[in-house]
Amino acid sequence: MIHVMDKLIRPFWKPDEDRNRSAKILCGVVAAVYISNQVVRKIIDIVQKQQIKKKIQKNREKRKLSKAQLEEHLKGKEISTNTIKRILSLSFKELQAELQSGKLSAVDVLNVYQIKALEVDKRTNCITELVHDSEERAKQLDSDRKKGPLYGIPVSIKETYTMPGYPCTGGMMFYFDEKVTEENVLVQVLKKQGAIPFVRTNVPQTLMTFECSNSLYGTTKNPHDPTRIPGGSSGGESALIGGGGSILGMGGDIGGSLRIPAHMAGCCSLKPSGGRLSRKGQNQFNKGETLVQPQTGPMAAEVDGLVNCMRCLLVPEMFNLDPAVPPIPFREEIFTGKNKLTIGFYIDDGNIKAAPACQRAVLEVKAILESQGHTLVPFKPVDVYRMASLFLKSVFADGGKSYLNVLDKDIVDNSLRRIMFAFSLPNWFRKLFSYVAAMITKDQFTSILLQSGCGVESVTEYWDLAINIENYRADFLKKWRAHKLDAVICPGFAFTAVSSGRVTDVSGGVTYTNLYNLLDYTAGTLKVTNVTQADLDNFQHYPSKTWLEKNIKKFSEGSKGLPVGVQFVGLSYQEELVLRLMKDVETCLQKNSSKEKI
């Protein structure tokens with residue numbers, strides 16, 4: 001550095017001693033300025049983090065107070081235990097019928113679900129905010145003569161849906177102070193149809209992990225085992241619905257965010273194909289990524305909830321509010337169809353074999369569908385590693401810069417620390433480390449994850465990526481057509497709910513859901529069974545060559561009783577067909593359950 005400074009001052013100081021002395025002084029000044037700058041930046045960062053912590057604490061106290069106030073309000077109503085049990089025991093159809101007939105009022109139903117939601121929240125931390133005008137809305141609905149098809153149905157809403165007066169953060173402080181002025185299109189339509197949004201639910205920080213945790217709202221737990229995760233990113237929804245605190249909710253999905261939580265927390269969900277439902281009024285994070293787009297969709301305790309929700313959303317009101325949505329109403333003739341179908345099935349996607357309980361669930365559904373006259377044929381997805389590379393390179397096309405930018409002045413949640421560390425590394429090191437990691441873990445997905453996270457380096461490369469995605473979709477459809485398939489069933493995920501903080505150790509399981517986001521196919525998940533001791537015993541036959549396989553075996557210990565879902569897949573714009581299959585299987589499962597009780 002002194003040599004450089006000497007060159008800079010040479011024209012101004014001729015004597016060597018003066019010049020050297022000046023160079024040293026200037027060098028010292030530059031070093032002092034640099035060090036001072038770093039110190040100042042560190043101090044500013046510490047101050048900003050302290051301010052964020054105070055803001056988070058204030059927000060948590062405010063939320064805690066509002067929940068306590070609602071609890072006191074509900075206690076004052078002295079709603080009987082029998083009334084609570086009766087309303088909560090009603091199926092979606094039964095609840096809808098009693099509301100329509102006037103046997104139940106919107107206020108009665110809302111209050112009961114508020115009581116149950118608060119109870120579930122205490123166990124799981126699934127609610128971010130209460131919707132404060134919900135009871136006033138219920139009273140207004142009760143006084144009106146007109147009753148929409150969802151009249152009086154309480155609906156929980158994922159935190160990423162914009163609602164004026166409520167933060168829409170995606171678990172990031174970057175968005176906390178943004179003023180929301182526009183109401184989400186789907187929320188508007190649901191309200192028009194008589195539904196009552198009553199709580200907003202938790203999400204992971206950045207929405208790009210299936211652990212539902214962030215520094216703002218905290219960690220959401222699985223309602224069936226508080227030491228485990230409920231899935232994500234619609235984890236707050238799944239915890240609330242799976243715990244019985246909501247009968248219908250709205251979530252979103254870019255890589256499995258509706259289906260993974262439904263599978264892990266024990267409810268059902270539907271990821272529509274792109275464009276079937278409006279996406280207007282969602283959190284703006286990473287909006288510029290357009291090759292694989294997030295989709296909005298319903299979650300429910302039963303398939304009837306999904307069906308009725310879709311019926312009530314696919315109406316002129318939504319098409320008018322968002323003209324970009326093709327005006328295709330719910331097609332009853334497809335949903336009620338009786339034609340026999342050819343359905344593919346698999347329990348191994350080519351990346352990782354599903355856990356024994358997840359395999360059994362698929363085979364049970366296969367048997368049910370065969371008993372109904374459908375033809376089931378073995379099917380294997382096209383090159384899942386090729387798919388994973390395309391998916392990951394698309395959603396992380398900027399090399400993680402958008403994540404680093406929004407989290408730069410945030411408190412990064414523990415579940416994201418490894419991911420954020422990887423994004424902070426230079427690309428050359430990530431690529432080198434990917435080869436080392438692949439050799440150590442014997443897991444090809446890990447290598448793909450690290451390399452794809454480097455993103456694309458030019459517009460031309462981005463265009464090539466788009467072409468490669470189209471080619472993959474064409475190859476997959478060709479294989480689908482060759483098997484003459486109408487639909488596919490497969491595991492809801494590679495494994496059941498894992499312990500909190502371990503998702504990065506089993507991230508390879510996401511290929512079961514990422515696939516249908518890249519293809520933009522319709523996919524729904526239905527809770528089919530629960531993990532049995534026999535399933536755990538069958539792990540002795542499960543492979544354990546790779547790091548991922550060993551972790552799945554390890555983290556499945558103690559999972560007896562956890563819910564297990566099956567994924568139902570159709571081509572784009574085949575929501576009604578997917579729902580038909582889900583409903584047929586659910587009906588059979590309910591009949592079998594009733595027989596077992598007798």
Side-chain angles (χ1 to χ4, degrees), residues 59-60 62-74 77 87 95 99 105-122 124-142 144 148 150-171 175-176 178-203 216-217 220 234-241 243-252 281-283 296 298-300 305 309 312-313:
N59 177 61
R60 289 186 178 180
K62 181 181 176 183
R63 289 165 51 230
K64 186 177 179 180
L65 178 62
S66 67
K67 291 173 185 178
Q69 289 173 337
L70 176 60
E71 200 167 15
E72 283 300 309
H73 171 69
L74 293 169
K77 295 203 167 195
I87 290 176
L95 181 63
L99 282 163
S105 70
V107 171
D108 289 339
V109 173
L110 171 67
N111 289 161
V112 166
Y113 270 96
Q114 285 175 323
I115 291 169
K116 185 63 177 179
L118 288 172
E119 177 193 314
V120 175
D121 180 64
K122 286 180 180 178
T124 65
N125 185 39
C126 57
I127 297 173
T128 59
E129 299 97 12
L130 304 170
V131 178
H132 302 297
D133 67 347
S134 57
E135 187 161 330
E136 288 304 313
R137 176 166 173 74
K139 288 177 181 177
Q140 184 61 47
L141 285 169
D142 284 336
D144 291 344
L150 291 179
Y151 158 69
I153 300 290
V155 180
S156 45
I157 307 291
K158 187 177 182 178
E159 195 260 10
T160 53
Y161 282 61
T162 56
M163 294 174 66
Y166 301 90
C168 180
T169 68
Y175 297 100
F176 185 72
E178 280 195 1
K179 299 297 180 184
V180 177
T181 57
E182 184 180 354
E183 189 164 51
N184 179 280
V185 165
L186 300 185
V187 173
Q188 291 182 59
V189 178
L190 288 170
K191 288 166 74 171
K192 187 81 172 179
Q193 299 285 41
I196 303 171
F198 76 116
V199 292
R200 289 163 57 80
T201 54
N202 202 18
V203 296
L216 179 57
Y217 300 117
T220 297
S234 307
E237 280 298 314
S238 68
L240 184 61
I241 297 171
S246 177
I247 199 167
L248 177 64
M250 296 303 299
Q282 292 287 311
N283 177 273
T296 53
M299 303 180 78
C309 187
C312 292
L313 289 173

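Since this is a predicted model, take the numbers as computed values, not measurements. By convention here, the first residue in the shown sequence is residue 1.
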Do [X] and [Y] come within less than 4.5 Å of each other through their side chains, counting heavy atoms only?
{"X": "Cys168", "Y": "Tyr175", "result": "no"}
{"X": "Cys126", "Y": "Val120", "result": "yes"}
{"X": "Tyr166", "Y": "Val131", "result": "yes"}
{"X": "Leu95", "Y": "Ile153", "result": "yes"}
{"X": "Leu70", "Y": "Leu118", "result": "yes"}
{"X": "Leu110", "Y": "Ser134", "result": "yes"}
{"X": "Val155", "Y": "Ser246", "result": "no"}

Using every non-hydrogen atom in the two residues, find where [X] and [Y] come nearest and quote the distance to one decimal.
{"X": "Leu216", "Y": "Arg60", "value": "O-NE, 3.2 Å"}
{"X": "Val203", "Y": "Gly171", "value": "CG2-N, 3.7 Å"}
{"X": "Leu248", "Y": "Ala300", "value": "CD1-CB, 4.1 Å"}
{"X": "Pro197", "Y": "Arg137", "value": "CD-NE, 4.4 Å"}
{"X": "Phe198", "Y": "Ala117", "value": "CE1-CB, 3.9 Å"}
{"X": "Ala106", "Y": "Ala138", "value": "CB-O, 3.8 Å"}

> Quick check: are there more than 12 heavy atoms from other residues, nucleotides or ligands sitting under 6.0 Å from NZ of Lys64?
Replying inline: no
Can you tell me how far apart [atom1] ([X]) and [atom2] ([Y]) are? Round to the nearest 0.5 Å.
{"X": "Thr220", "Y": "Leu240", "atom1": "OG1", "atom2": "CG", "result": "10.0 Å"}
{"X": "Leu190", "Y": "Cys312", "atom1": "CG", "atom2": "SG", "result": "8.0 Å"}
{"X": "Ser156", "Y": "Ile196", "atom1": "OG", "atom2": "CD1", "result": "13.0 Å"}
{"X": "Glu71", "Y": "Asp121", "atom1": "CD", "atom2": "CG", "result": "10.0 Å"}
{"X": "Gln282", "Y": "Thr160", "atom1": "CD", "atom2": "OG1", "result": "4.5 Å"}
{"X": "Met250", "Y": "Leu313", "atom1": "CE", "atom2": "CG", "result": "5.5 Å"}

[Y] versus [X], side-chain donor and acceptor atoms under 3.5 Å:
{"X": "His73", "Y": "Gln114", "result": "no"}
{"X": "Lys158", "Y": "Thr201", "result": "no"}
{"X": "Thr169", "Y": "Glu159", "result": "yes"}
{"X": "Asp108", "Y": "Tyr113", "result": "no"}

Partner residues of [X] under the side chain to side chain donor-acceptor pair (under 3.5 Å) criterion, sequence neighbours left out:
{"X": "Asn59", "result": "none"}
{"X": "Gln69", "result": "none"}
{"X": "Glu129", "result": "Arg200, Tyr217"}
{"X": "Ser238", "result": "none"}

Side-chain donor/acceptor of [X] to backbone N/O of [Y], under 3.5 Å:
{"X": "Asn184", "Y": "Gly281", "result": "yes"}
{"X": "Asn202", "Y": "Ile127", "result": "no"}
{"X": "Tyr161", "Y": "Leu186", "result": "no"}
{"X": "Thr162", "Y": "Glu182", "result": "yes"}

> Taking only residues two or more places apart in sequence or in another chain, which ones pass side-chain contact (heavy atoms from CB on, under 4.5 Å) with Ile115?
Replying inline: Leu74, Ile79, Ile84
> Where do Ser105 and Leu99 land on the side chain to side chain contact (heavy atoms under 4.5 Å, CB included) test, with the steps shown first?
Replying inline: CA-CA 6 Å; Ser105 70; Leu99 282 163; 6.0 Å; no
>> Under the side-chain hydrogen bond (donor to acceptor under 3.5 Å, both in side chains) definition, can you give me all pairs with a residue in residues 188-199, not counting sequence neighbours?
In response: Glu183-Lys191
